[in-house]
Amino acid sequence: SKRSQSSPKTYIPDSIFENFLEINGVGDGIANNDSVFTSSIGLVTGMTLPLYVADLTGLQDFSLLSTFTCNYSLTPIIDISSNSSITTFNFQFNSNLEKVIVNNSILSALYFNSNSRLKNLEITAPNLLTISGIGNSRLNYLNLNSCGQLLNLTLPGNNILDIEIDSCLGLTDLDLEDNSLNYIDL
């Protein structure tokens, strides 16, 4: 049965993002109208977006999203603090990405390699994070003291000067190759 026009919708201004959702059956059945049914996207658990998405507005309504991949995006900021179900976050090769905000207590894997403008990575409350790959970006400071379960940390090719990982007691693999370290708090 066709949903009524009064069903709650989520605003998706990026045409590539909206088209992807329409093609995959979680839109509202109307191409290029910048919106999808909130109830449909709320059931999505895994998503790999196509290339060149520039605006992730609407992502906050993917309430069951557990695995999210968005490589070769054009967005400058990604904020998944509203996506509390994400356990694996893969966001690589994004030339415009400058800032990432992650506030998620069940996040277990984070991959942010080759984001040439990424300077600011805010990771709070990821107490289950076990794998973090953030290489070949422009990070200069990283505080992972809330990541007590962190096992693997790969940060080669950044501009890291200071890093705080003294609460990462389970850390078994650490790669800080090609950084400019002044201070490391183990």
Query raised in the report: Ser114 and Ser137: which non-hydrogen atoms are nearest, and at how many Å?
Result: N-OG, 4.0 Å
May I have the list of side-chain donor-acceptor pairs in residues 50-59 shorter than 3.5 Å, sequence neighbours left out?
{"unit_1": "Asp55", "atom_1": "OD1", "unit_2": "Thr57", "atom_2": "N", "d": "2.8"}
{"unit_1": "Asp55", "atom_1": "OD1", "unit_2": "Thr57", "atom_2": "OG1", "d": "2.5"}

Query raised in the report: Is there a donor-acceptor contact under 3.5 Å linking the side chains of Thr87 and Ser66?
Result: no
Query raised in the report: With a 4.5 Å limit on heavy-atom distance, are the side chains of Leu174 and Ile184 in contact?
Result: yes
Query raised in the report: Between CG of Leu107 and OG of Ser84, what distance do you get to the nearest 0.5 Å?
Result: 11.5 Å
Report summary line: In this structure, CG of Asn94 is separated from OG of Ser116 (nearest 0.5 Å) by 9.0 Å
Query raised in the report: Can Phe91 be reached from Val44 by stepping across I, L, V, M, F, W or Y side chains whose heavy atoms are under 4.5 Å apart?
Result: yes
**Report entry** Straight-line distance of Lys99 NZ to Leu97 CG, nearest 0.5 Å
**Finding:** 11.5 Å
**Report entry** Asp34 to Pro13 - nearest heavy-atom pair and separation
**Finding:** OD1-O, 3.6 Å
Query raised in the report: Among all residues two or more places apart in sequence or in another chain, which pass the side chain to side chain donor-acceptor pair (under 3.5 Å) test with Thr88?
Result: none
Report task. State, with a plain yes or no, whether a side-chain heavy atom of Ile134 is found less than 4.5 Å away from one of Thr154. Result -> no
Query - Nearest-0.5 Å distance, SG of residue Cys168 to CG of residue Leu153 - result: 7.0 Å
Query raised in the report: Taking all atoms of both residues into account, what is the closest heavy-atom pair of Asn179 and Leu176, and its distance?
Result: ND2-O, 2.9 Å
Query raised in the report: Between Asn24 and Val26, is there a donor-acceptor pair closer than 3.5 Å when you use the side chain of the first and the backbone of the second?
Result: no
**Report entry** Side chains of Thr10 and Ile41 in contact at under 4.5 Å (non-hydrogen atoms)
**Finding:** yes
Requested in this report: Nearest 0.5 Å please: distance from the OG atom of Ser35 over to the CG atom of Asp28.
Outcome: 4.5 Å
Query raised in the report: Any side-chain heavy atom of Thr172 within less than 4.5 Å of one from Asn152?
Result: no
Query raised in the report: Do Arg138 and Leu118 come close enough that some side-chain heavy atom pair is under 4.5 Å?
Result: no
Query raised in the report: Do Gln92 and Asn71 meet the criterion of a side-chain donor-acceptor pair at a distance under 3.5 Å?
Result: no
Query raised in the report: Do the non-hydrogen side-chain atoms of Ser108 and Leu129 ever get within less than 4.5 Å of each other?
Result: no
Query raised in the report: Can you list the steps and then say if Phe20 with Met47 is a side-chain contact (heavy atoms from CB on, under 4.5 Å)?
Result: CA-CA 10 Å; Phe20 170 80; Met47 182 166 59; 3.8 Å; yes
Report task. Locate the shortest heavy-atom distance separating Gly42 from Ser63; write the atom from each residue and the value. Result -> O-OG, 3.3 Å
Report summary line: Nearest heavy-atom approach of Asn158 to Leu139 is OD1-N, 3.4 Å
Requested in this report: State plainly whether one hydrophobic cluster holds both Leu74 and Tyr72, where clusters connect Ile, Leu, Val, Met, Phe, Trp and Tyr through side-chain heavy atoms under 4.5 angstrom apart.
Outcome: yes
Report task. Take the angle between the ring planes of Phe112 and Phe89 and call it parallel below 30°, perpendicular above 60°, tilted in between. Result -> perpendicular
Report task. Kindly determine whether Ile77 and Glu98 satisfy side-chain contact (heavy atoms from CB on, under 4.5 Å), including the steps that lead there. Result -> CA-CA 6 Å; Ile77 297 172; Glu98 295 177 6; 5.7 Å; no
Query raised in the report: If you look at every heavy atom in Glu22 and Asn33, which pair is closest and at what distance?
Result: OE2-OD1, 4.4 Å
Requested in this report: Under the side-chain contact (heavy atoms from CB on, under 4.5 Å) rule, what do Leu151 and Asp173 come out as? Steps first, then yes or no, please.
Outcome: CA-CA 6 Å; Leu151 299 174; Asp173 293 306; over 6 Å; no
Report task. Give the C-alpha distance, both sets of side-chain angles, the deciding distance and a yes or no for side-chain contact (heavy atoms from CB on, under 4.5 Å) between Asn115 and Phe93. Result -> CA-CA 5 Å; Asn115 293 297; Phe93 311 106; 5.7 Å; no
Query raised in the report: Do Leu181 and Ile163 come within less than 4.5 Å of each other through their side chains, counting heavy atoms only?
Result: yes
Report task. Please examine the side chains of Phe62 and Ile80, heavy atoms only from C-beta on, and report whether any two atoms are closer than 4.5 Å. Result -> no
Report summary line: OG (Ser132) and CG (Asp175) are apart, to the nearest 0.5 Å, by 11.5 Å
